[in-house]
K.L.:
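The following block contains the structure, expressed as structure tokens.
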Amino acid sequence: TVDGVRGDITAESVEGDLTVRRAGGNVSLNTVDGAIAVGGGRGTVRIHGVSGDVRVADAAADLSIETIDGDVTLSGIDAASVNASTVDGDIDYAGTIKDRGDYHLSSHDGDVTVTVPSGANATVSVSTFDGDFDSGFPVQITRTQPGRRFSFQLGNGSARVELESFGGTIALRRPGEARPETERRRRARDRDKAKDQAHAHDRARAGLDIDVEQNIRLAMLAVQPDID
């Protein structure tokens, strides 16, 4: 863990997590097996991982992030350039979309979710082979390409936003709206709650049946002497 360094930070790990807090300069992190978490950062944040989640929060920096097996969560980002990719994981971006900025988010098997600030000006390109597209606000498709590729414009279209997922959902949300993974967790909690209630009912019913059987046996024992 590195905390409160004002200058540039470079760190590597073969096995273990890397955590940087209150970074004041450029950040460069590499790990093979471990999670990476960065809070802060100015200039550029570069991250390369193989297995482990990546989280960057409250960074005023351009981002270059690559991992193979892990989620990428970017929140409170102030950047004109963001390039993030993962093979097996979700990507969640919440931050600025600046005029003439460049944003490229790509996942092979996971969801890609972007929280779009009000008033954003961007040309958005969407590419998915076996996934879905879900927008929390209306969009008008202006161009389609072979396969499941299309684009649309927000505002004057100044920034470039490219979103790709081979098998996951690509979703746009306004600030404060539920994200796909949040909705999945809520549905999973509802399913688990229903299962717990069903199991509790079954246990209560089984206990009731046992009590009835015990009462019958006790009653039969109580009258047995009279029968004899």
K.L.:
Measuring only between side-chain heavy atoms, which start at C-beta, is Val126 closer than 4.5 Å to Glu164?
P.N.:
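No, their side chains stay 4.5 Å or more apart.
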
K.L.:
Under a 4.5 Å side-chain heavy-atom rule over Ile, Leu, Val, Met, Phe, Trp and Tyr, are Val87 and Val50 clustered together?
P.N.:
yes

K.L.:
To the closest 0.5 Å, what do you measure between OG (Ser81) and CZ (Arg160)?
P.N.:
9.5 Å

K.L.:
Please find the pair of heavy atoms, one from Ile77 and one from Asp58, that lie closest to each other, and give the distance.
P.N.:
CD1-N, 4.5 Å

K.L.:
Please find the pair of heavy atoms, one from Ser13 and one from Gly16, that lie closest to each other, and give the distance.
P.N.:
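That closest heavy-atom pairing would be OG-O, 3.3 Å.
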
K.L.:
Is the shortest heavy-atom distance from the side chain of Asp92 to the side chain of Val72 under 4.5 Å?
P.N.:
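Asp92 does not reach Val72 side chain to side chain.
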
K.L.:
Among residues at least two apart in sequence or on other chains, which ones pass side-chain contact (heavy atoms from CB on, under 4.5 Å) with Glu12?
P.N.:
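Residues passing side-chain contact (heavy atoms from CB on, under 4.5 Å) with Glu12: Asn30.
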
K.L.:
Considering all heavy atoms of both residues, which atom of Pro117 and which atom of Gly95 are nearest to each other, and what is their separation?
P.N.:
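Heavy-atom minimum between the residues: CG-O, 3.3 Å.
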
K.L.:
Can you give me the closest heavy-atom contact between Ser106 and Ile91, atom names plus distance?
P.N.:
O-CD1, 3.1 Å

K.L.:
Nearest 0.5 Å please: distance from the OG atom of Ser135 over to the CD1 atom of Ile170.
P.N.:
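If I round to the nearest 0.5 Å, the distance is 12.0 Å.
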
K.L.:
Among Glu66, His104, Glu162, exactly one meets side-chain contact (heavy atoms from CB on, under 4.5 Å) together with Asn83. Which residue is that?
P.N.:
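Going through Glu66, His104, Glu162 one by one, the side-chain contact (heavy atoms from CB on, under 4.5 Å) with Asn83 is satisfied by His104 alone.
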
K.L.:
Quick check: do His48 and Thr67 have side-chain heavy atoms less than 4.5 Å from each other?
P.N.:
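The answer is no, as the side chains (C-beta and beyond) never meet within the 4.5 Å cut-off.
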
K.L.:
Counting N and O atoms only, with roles assigned by atom type, does the side chain of Thr86 sit under 3.5 Å from a partner on the main chain of Ser107, one being a donor and the other an acceptor?
P.N.:
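No: the side chain of Thr86 does not pair with the backbone of Ser107.
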
K.L.:
So do Val161 and Asp102 actually touch side chain to side chain, heavy atoms under 4.5 Å?
P.N.:
no

K.L.:
Sequence neighbours left out, what passes side-chain contact (heavy atoms from CB on, under 4.5 Å) with Thr96? Give chain and number order.
P.N.:
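In terms of side-chain contact (heavy atoms from CB on, under 4.5 Å), with neighbours along the sequence ignored, Thr96 is linked to Asp78, Tyr93, Lys98, Tyr103.
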
K.L.:
Counting C-beta onward and ignoring hydrogens, is there a side-chain heavy-atom pair between Leu29 and Val38 closer than 4.5 Å?
P.N.:
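Side-chain contact under 4.5 Å: yes.
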
K.L.:
Using the ring of each side chain (for Trp, its six-membered ring), is Phe152 parallel, tilted or perpendicular to Phe133, with breaks at 30° and 60°?
P.N.:
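Aromatic pair Phe152/Phe133 classed tilted.
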
K.L.:
When rounded to the nearest 0.5 angstrom, what is the spacing between OG in Ser165 and CG in Asp111?
P.N.:
6.5 Å

K.L.:
What heavy-atom pair brings Ser158 and Arg100 nearest, and what distance separates the two atoms?
P.N.:
OG-N, 2.8 Å

K.L.:
Do the side chains of Phe129 and Arg148 get nearer than 4.5 Å, heavy atoms only?
P.N.:
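No - every pair of side-chain heavy atoms lies 4.5 Å or more apart.
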
K.L.:
Go through the structure and list residues passing side-chain contact (heavy atoms from CB on, under 4.5 Å) with Asp53, not counting sequence neighbours.
P.N.:
Asp71

K.L.:
Report the distance from atom OG1 of Thr10 to atom CG of Asn26, rounding to the nearest 0.5 Å.
P.N.:
8.5 Å

K.L.:
If we check side-chain contact (heavy atoms from CB on, under 4.5 Å) with Leu74, which of these qualifies: Val45, Leu63, Val114?
P.N.:
Leu63

K.L.:
Backbone N or O of Ala61 within a donor-acceptor pair of the Arg42 side chain at under 3.5 Å?
P.N.:
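No; judged by distance alone, with no hydrogens or angles, the pair does not exist.
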
K.L.:
Taking atom OG of Ser28 and atom CD1 of Ile9, what is their separation to the nearest 0.5 Å?
P.N.:
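So the OG of Ser28 and the CD1 of Ile9 are separated by 10.5 Å.
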
K.L.:
Does Asn156 offer a backbone N or O that forms a donor-acceptor pair with the side chain of Asn121 under 3.5 Å?
P.N.:
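It does hold such a pair.
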
K.L.:
How about Leu154 and Val124: do any of their side-chain heavy atoms sit closer than 4.5 Å?
P.N.:
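Yes, side chains in contact.
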
K.L.:
At what distance, to the nearest 0.5 angstrom, does CG of Asp109 lie from CG of Asp88?
P.N.:
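The CG atom of Asp88 is 5.0 Å from CG of Asp109, to the nearest 0.5 Å.
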
K.L.:
Is there a chain of hydrophobic side chains (I, L, V, M, F, W, Y, each step under 4.5 Å between heavy atoms) that links Val139 to Phe150?
P.N.:
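Yes, Val139 and Phe150 fall within the same hydrophobic cluster.
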
